[in-house]
Amino acid sequence: MTDTNPIEALASLETEALAAIARASEASALESVRITFLGRSEGRISAILRGLGGLSPEERPLVGQHANRVKNAVSEALEARAAELAGGVAAGSLDLTLPGRRPWQGGLHPITQAVDEIWHIFRELGFSRSRGPEADTEWYNFVALNTPLDHPAADEQDTLYLVDSVLLRSHTSPVQMRTMEKYPPPIRVLAPGWVYRRDTYDATHTPAFMQIEGLVIDEGVSFVDFKATLEEFARRYWGPDTTVRFRPSFFPFTEPSAEVDVKRVITRPDGRQEETDWLEIMGAGMVDPNVIANAGLDPERYTGWAFGMGPGRIAMLKHGVDDLRTFFENDVRFLGQFAS
Ligand code: DAH
């Protein structure tokens, strides 16, 4: 030890160290301050701690205590200054020319986007939105919809039963019945949701998929309203040059029934306009009087029309995706391309 009083020496070391820390304007300067005072071999405060052994037994505890306090104070000041510098507060350490870091942002799934786009159009046409349970009874899924359980459409092969007479709904049509039971006409409702079938998993089928049910019930609703509304929807969704075709079909819950196809006009990259092939977009029809009666409404007074649409197919077409499964594999690199 030198002959200076070690306690005074510690006090002035502390003052000196704190001043040097405050002056350090970047991480490397701060590091050399740390080495000067606290470095294991050369550090000036470390040296005092190491010299404790040479002090008299009376002096040792007192100087030791002081030395530790100063060491801790300087360590804390170093840490605080380092945090300050890392925050870019000190002059010169903030580079305003660096590009910002984008926070990770989620996006809507392409099928959800299609549902929302379709929904926006029907909302403008006066529809409200509703939903029904994904697990439903045979009554709502089949029988009330004029589909006897021995009808091929009710075949157990196509349907995932949970317990006796309760199943995962195979279409969104049960929402028709639930809506008519709950709300008095006039009814104009859109009901998107998941449906389930015992289907083979392939490029155009998945055992769980989205459907959008539409239902209109009122006095004096005719086939003209049905056609005109769906044509209006198609032109708003795919463009004013879209043509719509109604092909006769059969569904147990509509009479007459139709399959609705659209033909779009697309503009090719070279600017030429081109008509697409017919694309089937939905099953539809005038609601069968039996269905209206099953819901407790008078089919002599009320008529209506309904449709069931597959937004998954519509999203595939829109984005030029040829395998429906890619929408459900949850590969963010794939789905991220469609994030809006
Ligand atoms: N539920 C039918 C299906 O899943 C689709 C459908 C057809 C719904 C005609 C309707 C309709 O509302 O009128 O295949």
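In this text the structure is predicted, and so the values were computed from the model without any measurement. Counting starts at 1 for both ligands and their atoms, in listed order.
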Peer 1: When you look for heavy atoms under 4.0 Å from ligand 1, do you find them on the side chain of Ala306, its backbone, both, or neither?
Peer 2: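 Both of them.
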
Peer 1: Could you tell me whether Gly214 and ligand 1 have an N or O pair separated by under 3.5 Å?
Peer 2: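 There is no such contact.
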
Peer 1: Take atom CG of Asp277 as the centre, draw a 6.0 Å sphere, and report whether it contains more than 12 heavy atoms from other residues, nucleotides or ligands.
Peer 2: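 Result for CG/Asp277: open.
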
Peer 1: Take Arg81 and Glu84 through the test salt bridge (charged side-chain N to carboxylate O under 4.0 Å, His left out) and record every step on the way to the result.
Peer 2: CA-CA 5 Å; Arg81 184 68 181 144; Glu84 236 171 64; 2.4 Å; yes

Peer 1: Out of Ser257, Ala191, Gly283, Gly304, indicate the one that has the non-hydrogen atom closest to atom 7 (C) of ligand 1.
Peer 2: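 Nearest option to atom 7 (C) of ligand 1, by heavy atoms: Gly283.
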
Peer 1: What is the closest protein heavy atom to atom 12 (O) of ligand 1, and at what distance does it sit?
Peer 2: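 Atom 12 (O) of ligand 1 sits closest to the protein heavy atom Glu213 OE2, 2.6 Å.
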
Peer 1: Check this for me: Glu329, atom CD, are more than 12 non-hydrogen atoms of other residues, nucleotides or ligands nearer than 6.0 Å?
Peer 2: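 Counting neighbours around CD of Glu329, more than 12 heavy atoms of other residues, nucleotides or ligands fall under 6.0 Å, so yes.
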
Peer 1: More than 12 heavy atoms of other residues, nucleotides or ligands under 6.0 Å from CD of Glu219: yes or no?
Peer 2: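 Buried by this count: over 12 neighbours within 6.0 Å.
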
Peer 1: So Phe334 and His319, ring pair (Phe, Tyr, Trp, His ring centres under 6.0 Å) or not? Walk me through it.
Peer 2: CA-CA 12 Å; Phe334 172 76; His319 299 297; 9.0 Å; no

Peer 1: Distance under 4.0 Å to a non-hydrogen atom of Gln176: what atoms of ligand 1 satisfy this?
Peer 2: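 So the answer, numbered in order with elements, is 12 (O).
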
Peer 1: For Ser173, take its heavy atoms, then give the atoms of ligand 1 lying under 4.0 Å from any of them.
Peer 2: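 Here the atoms of ligand 1 in question are 1 (N), 8 (C).
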
Peer 1: Could you list which atoms of ligand 1 come closer than 4.0 Å to a heavy atom of Phe251?
Peer 2: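 So the atoms of ligand 1 that pass are 7 (C), 9 (C).
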
Peer 1: Does some non-hydrogen atom of Met309 fall short of 4.0 Å from ligand 1?
Peer 2: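 Met309 does not count as a contact of ligand 1 under the 4.0 Å cut-off.
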
Peer 1: Checking His66 against Arg69: is there a side-chain donor and acceptor pair closer than 3.5 Å?
Peer 2: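 Result is no, nothing qualifies.
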
Peer 1: Check each heavy atom of Trp305 against ligand 1 and say whether those closer than 4.0 Å belong to the side chain, the backbone, both or neither.
Peer 2: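 Neither; nothing of Trp305 gets under 4.0 Å from ligand 1.
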
Peer 1: Which of the numbered atoms in ligand 1 are below 4.0 angstrom from a heavy atom of Thr254?
Peer 2: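 Counting atoms of ligand 1 from 1, those under 4.0 Å from Thr254 are 13 (O).
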
Peer 1: Just need the protein heavy atom nearest to atom 8 (C) of ligand 1, so name the residue and atom and give the distance.
Peer 2: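 Checking every protein heavy atom, the shortest distance to atom 8 (C) of ligand 1 gives Gly308 N, 3.3 Å.
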
Peer 1: Taking non-hydrogen atoms only, is Arg197 closer than 4.0 angstrom to ligand 1 via side chain, backbone, both or neither?
Peer 2: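 Side chain only.
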
Peer 1: When you look at CD of Glu300, are more than 12 heavy atoms from neighbouring residues, nucleotides or ligands closer to it than 6.0 Å?
Peer 2: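 No, not enclosed.
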
Peer 1: Counting only heavy atoms closer than 4.0 Å, does ligand 1 sit against the backbone of Gln211, its side chain, both, or neither?
Peer 2: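 For Gln211, only side-chain atoms sit under 4.0 Å from ligand 1.
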
Peer 1: Using a distance-only test with no angle check, is there a side-chain donor-acceptor pair under 3.5 angstrom linking Thr206 and Asp199?
Peer 2: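 Result is no, nothing qualifies.
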
Peer 1: Does a side chain donor of either Ser173 or Glu213 reach within less than 3.5 Å of an acceptor in the other side chain?
Peer 2: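 Result is yes, a qualifying pair exists.
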
Peer 1: Find all atoms of ligand 1 within a distance of less than 4.0 Å from any non-hydrogen atom belonging to Gly285, and give their numbers and elements.
Peer 2: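 Those atoms are 13 (O).
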
